[in-house]
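Working notes for the structure below.
Just so it is clear, the model here is predicted, and its values are computed rather than measured. In what follows, chains are A, B, ... by sequence order, proteins preceding strands, each numbered from 1.
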Amino acid sequence: MARPNDEVEALLREYADLIAITGGDAFKARAYEKAARAIGGYPADIAGLDEDGLKEIPNVGRSIADKVVEYLRTGRMAVLEERRAKIPAGVRELIAVPGLGPKKALRLYEDLHISSVQQLSAALDADALADLRGFGEKSRENIRHGIELLRRAGARVPLSTALDTAEEIVAELSRVTGCRRCACAGSLRRMRETVGDLDILVAARRSDPFMAALCELPATAEVVARGTKKTSVRTAEGLQVDLRVLPQESWGAGMQYFTGSKGHNIRTRTIAVHQGLKLSEYGLFDAGSGQSLASRTEEEVYARLGLPWIPPTLREDRGEIEAALHGELPEVVTERDIRGDLHTHTDLTDGLAPLEEMVAAASKRGYAYYAVTDHAPRLYMQRMTDEKVLAQRERLRELAGTLGRMRLLHGTELNIDPDGEVDWPAGFLAGFDVCVASVHSHFGLGRGAMTRRLVRACENPYVNIIGHPTTRLIGRRAGVDADWDEVFAACARTGTALEVNAQPDRLDLCDVDILRAREHGVKFAVNTDAHAVAHLAQLRYGVGTAQRGWLTRDDVINTWPLTRLRRFLRKGG
DNA sequence: GCCGTTTTCGGCCCGACTGTTTTCAGTCG
């Protein structure tokens, strides 16, 4: 983990979980959760803060500030270690299973001595839970399903975690004397939503200093294998890191080879074979003479195969080779193309930062426009009211003059009811510049009802964007069931955009859904759904996902100039 | 444990859903 903020957030969350599991005061547990969230989302590095500085962070008081200071000074938090001693780490693992909370986890531990997901799975198979209070037939089935969901995410880690770790390692290795190039390849470079292991490449004459440096990194927990060409280690989080050191003249071929995907590489190697060539991680060679024909850059390798350079996010053997051969590769959208964020929150609802801070941070990113879209009243826990949202609009208008070229849009994130209705009547909705509408409840509707619900939302003349359309959470919750082709067709027909939500555990729509929706002629909005200043930077995961869905600037409404965007937001009305 | 333009005490995001509870506990957003 890169920032101490993230480390402290994780520790405080763990402490909160342990309080909940041991039956401590629920409000206390929540206080720690809130503090964890606030610290994780705090823009400044907390390593430089003393107790008074820490107490400036909302929801951090004296007690928590003390514990954070203790951790920053000593690397330990005594109260946390006390709780850890009472409850095996595996019990906390149990509450990660959807459907299992702290109470049931504790019952499993106390009554059946279950302290890991694996033991829980075995107990289910042995039908050992049948007599336990609160674990009826249906509950056991739900838990089984929850475990399956967790497993399917498997050992893979979220893109964001992998990218943080990889960037740290690349930075470290780049400092080693003799480093000519250093970069990550593999599924991370292709921006897949989860990453199984990290492939790091170094170009250098001597490999040994890099192998040694990798083994000695603070993040390295275990050395799996160490050689002269390849070394593998595992981080404390269980992520395997493979390092390969190549001669500089093989850099392009190495990057091409280790970026994959496997399917893409099979295609490129086949093309090589048909031309009497041989493609490996060391270069493109004449099969007969063994003479090297290309290897220094990826462009060179692709060119010698008769192909333009193909963006890594497209290298999945989903038609990119054919498109490249016909000169029809899309010019995929990049982070620089994005002119504004159209789905963000403030502390008026469940965001962490006040309006002024979010807007200032957006302005600093160089956006041409920025929409504030706090939650609407029917997400009851957020306590939104007409008065509050109108007051926010006033404040937004006041701020508008102070921002240089950035324009502010006032929006909201509406809740799509089971029948497809949204929070406010037309007259009130007309006052917003942009409305995102999302499913936040009743995830279990049948396909027909869910399809009608989403189509109805699209048909609302004030709904501009369907937020996180499937509501899936990677590794935790499957998306809702709907006839997506029908929904996509409705979006295209009504001029409603689909969101590519950039939150790393959402990435929703996902790449394959985007590809399908694109066929219907749908437009998209790549948004962060930021709940803190730091989240604005998560845009890149959304852009990566959009690229994997072959989206161009023309497909993405928030790359457009404001006048064109405004025309789209009027939905032809 | 945090917080306060009514409060230094007494609230705390509030309601829905689900399953198994025969009157409500646990989980979730």
Side-chain angles (χ1 to χ4, degrees), chain A residues 8 11-13 15-39 51 54-70 77 79-80 83 94-108 110-111 129-146 149 345 347-352 374-385 388 413-418 423 438-445 467-468 470-473 476-480 501 503 505-506 508 529 531:
Chain A
V8 170
L11 291 174
L12 294 179
R13 276 188 197 282
Y15 191 54
D17 284 347
L18 293 178
I19 290 169
I21 292 168
T22 50
D25 179 6
F27 291 115
K28 186 167 154 182
R30 189 174 293 162
Y32 276 96
E33 264 170 41
K34 278 155 73 178
R37 222 160 70 86
I39 289 174
E51 186 180 321
L54 287 164
K55 281 164 68 183
E56 294 286 307
I57 303 174
N59 300 312
V60 177
R62 171 130 180 250
S63 172
I64 292 181
D66 271 350
K67 294 180 176 79
V68 174
V69 167
E70 179 199 355
M77 205 179 281
V79 287
L80 175 61
R83 295 262 178 174
L94 295 179
I95 66 176
V97 176
L100 270 189
K103 296 289 187 295
K104 287 188 165 183
L106 185 64
R107 188 166 299 154
L108 288 170
E110 286 188 331
D111 292 4
L129 270 54
D131 298 331
L132 208 54
R133 250 179 87 82
F135 291 83
E137 181 61 40
K138 201 73 193 247
S139 294
R140 299 202 297 279
E141 197 40 55
N142 286 342
I143 293 170
R144 228 177 243 122
H145 179 65
L149 275 175
H345 296 272
D347 63 1
L348 185 62
T349 56
D350 60 350
L352 289 167
D374 272 312
H375 286 288
R378 286 190 204 163
L379 201 60
Y380 299 103
M381 60 190 179
Q382 306 299 351
R383 295 180 150 180
M384 179 57 97
T385 62
K388 280 158 87 173
E413 182 180 13
L414 300 163
N415 305 290
I416 308 176
D417 279 2
D423 304 63
S438 313
V439 167
H440 288 125
S441 65
H442 301 88
F443 303 113
L445 285 189
H468 45 74
T470 77
T471 75
R472 66 134 178 202
L473 292 173
R476 286 186 290 151
R477 184 174 73 203
V480 297
N501 187 297
Q503 285 189 10
D505 61 344
R506 289 195 187 273
D508 181 13
D529 193 359
H531 285 67

Whole-Å distance, D417(A) CG to dG15(B) C1', equals 14 Å
Taken in chain and number order and not counting sequence neighbours, the residues that satisfy side-chain hydrogen bond (donor to acceptor under 3.5 Å, both in side chains) with H440(A) are E413(A), N415(A)
Mind checking N142(A) for me? I need base, sugar-phosphate or nothing, with any heavy atom below 4.0 Å counting as a touch. sugar-phosphate
When rounded to the nearest Å, what value does the distance between P atoms of dG1(B) and dT18(B) take?
-> 36 Å
In whole angstroms, the gap separating P of dC2(B) from CD1 of I19(A) amounts to 11 Å
Whole-Å distance, L54(A) CG to dC3(B) P, equals 12 Å
Separation of dG1(B) atom C1' from I39(A) atom CD1, nearest Å, is 13 Å
Sorted by chain and number, sequence neighbours left out, side chain to side chain contact (heavy atoms under 4.5 Å, CB included) with R37(A) holds for R13(A), L352(A)
Contact string for nucleotides 20-29 of chain B, one letter per nucleotide 5' to 3', B = base within protein heavy-atom range under 4.0 Å, S = sugar-phosphate only, - = neither, reads S-----SSSB
Which of dG1(B), dC17(B), dC13(B) is nearest the side chain of H442(A)? It is dC17(B)
Whole-Å distance, L132(A) CG to dG19(B) C1', equals 14 Å
Can you tell me, in whole Å, how much space there is between the P of dG10(B) and that of dC17(B)? 34 Å
From CE of M384(A) across to C1' of dG15(B) the rounded distance in Å is 18 Å
C1'-based separation of dC9(B) from dG15(B) [nearest Å] = 27 Å
ask   = Under 4.0 Å between a Lys/Arg side-chain N and an Asp/Glu carboxylate O for E137(A) and R140(A)?
value = yes
D374(A) atom CG is separated from dC13(B) atom P, nearest whole Å, by 16 Å
Exercise. Which whole number of Å gives the distance between the C1' atom of dT7(B) and that of dC12(B)?
Worked result: 14 Å
Using Watson-Crick geometry (N1-N3 plus N6-O4 or O6-N4) or G-U wobble (N1-O2, O6-N3), each under 3.5 Å, dT8(B) is paired with none
Check this for me: does any side-chain nitrogen of one of K138(A) and E141(A) sit under 4.0 Å from a carboxylate oxygen of the other?
no
Sequence neighbours excluded, the answer for salt bridge (Lys or Arg N to Asp or Glu O under 4.0 Å) partners of D417(A) is R378(A)
Residue pairs meeting salt bridge (Lys or Arg N to Asp or Glu O under 4.0 Å), one or both in residues 23-35 of chain A, sequence neighbours left out, come to none
Whole-Å distance, L348(A) CG to dC13(B) P, equals 15 Å
Walking DNA chain B from its 5' end, the first of K67(A) and K34(A) to be reached, judged by nearest nucleotide, is K67(A)
With sequence neighbours left out, the residues meeting side-chain hydrogen bond (donor to acceptor under 3.5 Å, both in side chains) with T349(A) are D374(A)
